[in-house]
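In what follows, a single structure is set out as structure tokens and then discussed.
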Amino acid sequence: MISKRLEDAINAQINAEMWSAYLYLSMSAYCQDKGFAGMANWFFIQFKEEQDHAQIFYNYLISRGGRVLLKAIDAVETEWASPLAAFEATYKHEQQVTSLINNLMQIAVDEKDFAAQSRLQWFIDEQVEEEENAVDIINKLKLLDGNSYGLYVLDQELAARVYATPSPLAPKA
Ligand code: FEO
């Protein structure tokens, strides 16, 4: 059984992950509109990953005897000044998510909930990757400094990103 405090915090995190999904879907639509189909693909996969994160928390809460309570998803922005601005907003957002995950881990530690700590460790590792991915693309966009051919090549690179089911949602062998 999971504590009420952790149950409430995980329900809030499910909402935060769904909001993240909505944010990245909005960024995908923005990039598509600006003619960057590869970046739109990158954000669309990000959207799917955030839905996965919500589902992992959803499944976890149920597996621990908790009650999932879904709340309204707030509106997201729809316009950015440039693709670089969208990726910078992504990095800023992921830093906030890292802080939310760290808070969840702190609650699990306070409550001596070792099972929750085990699940949250996956998210802690995932956040390292999330922040690193955003920084990598920001650095490339800054290097290109608006060069059209370079942007085209980067867009092609981001078009190659493919979705992979995260290990917590993989079918059990
Ligand atoms: Fe659900 Fe991008 O972290």
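Residue numbers run from 1 in the order of the sequence given. All ligand and atom numbering here is 1-based and tracks the order in the structure. The analysis underlying the following values was restricted to heavy atoms, covering all of them including side chains, and did not include hydrogens, waters or symmetry mates.
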**Message:** Ring centres under 6.0 Å, that's the criterion: do Phe44 and Tyr24 meet it?
**Reply:**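 No, too far apart.
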**Prompt:** Do the ring centers of Trp42 and Phe87 come within less than 6.0 Å of each other?
**Reply:**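 Between Phe87 and Trp42, which both carry aromatic rings, the centre distance is below 6.0 Å.
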**Item:** Residue pairs involving residues 63-76 (criterion side chain to side chain donor-acceptor pair (under 3.5 Å); sequence neighbours excluded)
**Value:**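 Listed by first then second residue: Tyr60-Arg64, Arg64-Asp113.
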**Item:** Closest heavy-atom pair and its distance - Gly66, Ile2
**Value:** CA-CG2, 4.1 Å
**Asked** Parallel, tilted or perpendicular for His53 and Trp122, by the 30°/60° rule?
**Response** perpendicular
**Request:** Answer yes or no: are there more than 12 heavy-atom neighbours, outside Tyr152 itself, under 6.0 Å from its atom OH?
**Result:**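 No - once you tally the heavy atoms of other residues, nucleotides and ligands closer than 6.0 Å, there are 12 at most.
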**Request:** Provide the tally of protein N/O/S atoms nearer than 2.8 Å to atom 1 (Fe) of ligand 1.
**Result:**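 Step by step: take atom 1 (Fe) of ligand 1, keep protein N, O, S below 2.8 Å, and you get 3.
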